[in-house]
Amino acid sequence: MTAALGLRERKKQRTRQLISETARRLFSERGFEQVSVAEIAREADVSEQTVFNYFPSKEDLVYSGLETFEDQLLGAIRERPPGQTVIAAFGKFILEPRGLLAANDDAAARHLIAVTRMIAASPALHAREQQILARYTETLAQLIADETGARAGDLRPYVVANALIGVHRALITYVRERLEAGTSDRRRLARQARQRGQNTLALLADGLGDYAPKRQKGDR
């Protein structure tokens with residue numbers, strides 16, 4: 001029974017991956033607005049309902065992986081060592097090259113560049129991205145509030161979360177602008193983005209650097 005369950009789960013994962021890869025390829029080739037869910041379903045040889053079973057909305061076909069990113073971000077904050085502040089843990093996580101800036105394969109990098117440009121050209125994807133970043137802010141603020149024992153009406157967790165996600169948002173915008181300007185040297189772009197992120201976090205640290213250090217177990 002366990003083996004049968006494992007087989008079903010693997011089959012579902014393969015189907016999900018096939019749909020996702022098919023959608024991103026079509027979106028990259030023709031643009032997000034120009035491709036319908038029905039076309040994606042035909043290309044992946046599944047029903048349109050199957051697509052929606054795995055991805056509740058068309059936008060989720062592009063952004064589904066960001067749930068993993070959110071979990072990793074919150075995990076980095078939650079599991080930081082005692083004494084380390086929220087800002088320090090956030091900076092260590094967010095400045096780590098990933099996605100396009102970590103791609104070693106040229107074909108993968110070209111694909112990611114195409115996806116990045118597709119997102120930049122789509123109002124619908126921009127709107128969904130803002131919703132996702134707003135959710136990041138809310139979940140990060142709640143984590144900070146829980147850790148610090150913030151009382152109702154204490155705005156500090158939300159202010160800190162807004163500032164940190166603002167850094168992330170600004171770095172996304174910077175990378176996209178450089179790509180649109182024709183930048184092709186990924187390593188140089190990664191260094192530039194990291195330097196700008198460090199400078200911005202250092203500015204925040206002037207006022208928030210001592211806020212919310214991780215407590216030792218048993219500390220109050």
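Please read all numbers here as calculations on a predicted model, not as lab measurements. Worth knowing before you read on, the calculation uses all heavy atoms, side chains too, and leaves out hydrogens, waters and symmetry mates.
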K.L.:
Can you give me the closest heavy-atom contact between E39 and L26, atom names plus distance?
P.N.:
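Nearest pair, atom of E39 first, then L26: O-CD1, 4.3 Å.
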K.L.:
For Y136 versus E70, what's the shortest heavy-atom pair and its separation?
P.N.:
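Residues Y136 and E70, closest heavy atoms: CE1-CB, 3.4 Å.
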K.L.:
Are R24 and L61 close enough that some pair of their side-chain heavy atoms sits under 4.5 Å apart?
P.N.:
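Side-chain contact under 4.5 Å: no.
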K.L.:
Decide whether R128 and S57 meet the rule of one side-chain donor and one side-chain acceptor closer than 3.5 Å.
P.N.:
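Side chains of R128 and S57: pair found under 3.5 Å.
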K.L.:
What are the two closest heavy atoms between P157 and A141, and how far apart are they?
P.N.:
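Taking P157 first and A141 second, the nearest heavy atoms are CB-O, 3.5 Å.
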K.L.:
Is any side-chain N of the basic residue among E177 and R196 closer than 4.0 Å to the acidic one's carboxylate O?
P.N.:
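Judged by the 4.0 Å cut-off on N to carboxylate O distance, E177 and R196 do not form a salt bridge.
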K.L.:
Under the side-chain contact (heavy atoms from CB on, under 4.5 Å) criterion, do V37 and F55 qualify, and how do the steps go?
P.N.:
CA-CA 10 Å; V37 173; F55 302 93; over 6 Å; no
K.L.:
Could you give the distance from CZ (R16) to NZ (K12), rounded to the nearest 0.5 Å?
P.N.:
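Those atoms lie 10.0 Å apart.
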K.L.:
Would you compute the distance between atom CG of L201 and atom CD1 of I94 and round it to the nearest 0.5 angstrom?
P.N.:
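The CG atom of L201 sits 9.0 Å away from the CD1 atom of I94.
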K.L.:
For the atom pair OG1 (T200) and CD (Q195), what is the distance rounded to the nearest 0.5 Å?
P.N.:
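If we round to the nearest 0.5 Å, T200:OG1 and Q195:CD are 9.5 Å apart.
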K.L.:
Nearest 0.5 Å, what's the CD1-CZ distance between I19 and R14?
P.N.:
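It comes to 13.0 Å.
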K.L.:
Do K92 side-chain atoms and A76 backbone N/O form a donor-acceptor pair below 3.5 Å?
P.N.:
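Checking the backbone N and O of A76 against the side chain of K92, no donor-acceptor pair under 3.5 Å is found.
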K.L.:
Please report the closest heavy-atom contact between M118 and S28, naming both atoms and the distance.
P.N.:
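In terms of heavy atoms, the two residues are closest at SD-N, 4.0 Å.
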K.L.:
Please tell me whether L171 and L204 are part of a single hydrophobic cluster in this structure, the criterion being side-chain heavy atoms less than 4.5 Å apart.
P.N.:
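Yes; tracing contacts between hydrophobic side chains, which count when under 4.5 Å, links both residues.
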K.L.:
Measure the OH-CD1 distance between Y158 and I144 for me, rounded to the nearest 0.5 Å.
P.N.:
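That separation rounds to 12.0 Å.
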K.L.:
Using the rule that two of Ile, Leu, Val, Met, Phe, Trp, Tyr join whenever any of their side-chain heavy atoms come within less than 4.5 Å, decide whether L133 and V159 are in one cluster.
P.N.:
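No.
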K.L.:
Check T137 against A161 and note the closest heavy-atom contact, atom names and distance.
P.N.:
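Taking T137 first and A161 second, the nearest heavy atoms are O-CB, 3.5 Å.
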K.L.:
Using a 4.5 Å cut-off on heavy atoms from C-beta on, say whether the side chain of V86 contacts that of R80.
P.N.:
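Yes, at least one pair of side-chain atoms sits under 4.5 Å.
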K.L.:
Is there a path from F27 to Y54 through hydrophobic residues (I, L, V, M, F, W, Y) whose side chains come within less than 4.5 Å of each other?
P.N.:
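Yes, one cluster joins them.
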K.L.:
Are F69 and F93 close enough that their ring centers fall under 6.0 Å?
P.N.:
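Yes, close enough.
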K.L.:
Hydrophobic cluster membership, with links at side-chain heavy-atom distances under 4.5 Å among I/L/V/M/F/W/Y: are I165 and L143 in one?
P.N.:
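Same cluster.
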K.L.:
Go through the steps to decide whether T85 and F90 satisfy the test side-chain contact (heavy atoms from CB on, under 4.5 Å), and finish with yes or no.
P.N.:
CA-CA 9 Å; T85 63; F90 180 89; over 6 Å; no
K.L.:
Atom CZ of residue position R25 - does it have more than 12 heavy atoms of other residues, nucleotides or ligands inside 6.0 Å?
P.N.:
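For R25, atom CZ is crowded (more than 12 foreign heavy atoms under 6.0 Å).
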K.L.:
Would the number of heavy atoms belonging to other residues, nucleotides or ligands and lying under 6.0 Å from CZ of R188 be above 12?
P.N.:
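No, not enclosed.
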K.L.:
R117 side chain to L179 main-chain N or O, any donor-acceptor pair under 3.5 Å?
P.N.:
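Confirmed, R117 side chain pairs with L179 backbone.
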K.L.:
Start with the C-alpha gap between F32 and I119, add the side-chain angles, then the distance that decides, and say whether side-chain contact (heavy atoms from CB on, under 4.5 Å) holds.
P.N.:
CA-CA 8 Å; F32 181 76; I119 293 171; over 6 Å; no
K.L.:
Looking only at heavy atoms, which two atoms of P123 and E33 are closest? And how far apart?
P.N.:
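Scanning both residues completely, I find the closest heavy atoms to be CD-OE2, 3.8 Å.
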K.L.:
Decide whether V160 and L95 are clustered together by the hydrophobic rule: side chain heavy atoms of Ile, Leu, Val, Met, Phe, Trp, Tyr closer than 4.5 Å, transitively.
P.N.:
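Yes, same cluster.
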K.L.:
Counting only heavy atoms not in D45, do more than 12 sit closer than 6.0 Å to its CG atom?
P.N.:
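No.
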K.L.:
Find the distance between OG (S122) and CD (Q34) and round it off to the nearest 0.5 Å.
P.N.:
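Interatomic distance, S122 OG to Q34 CD, rounded to 0.5 Å: 9.0 Å.
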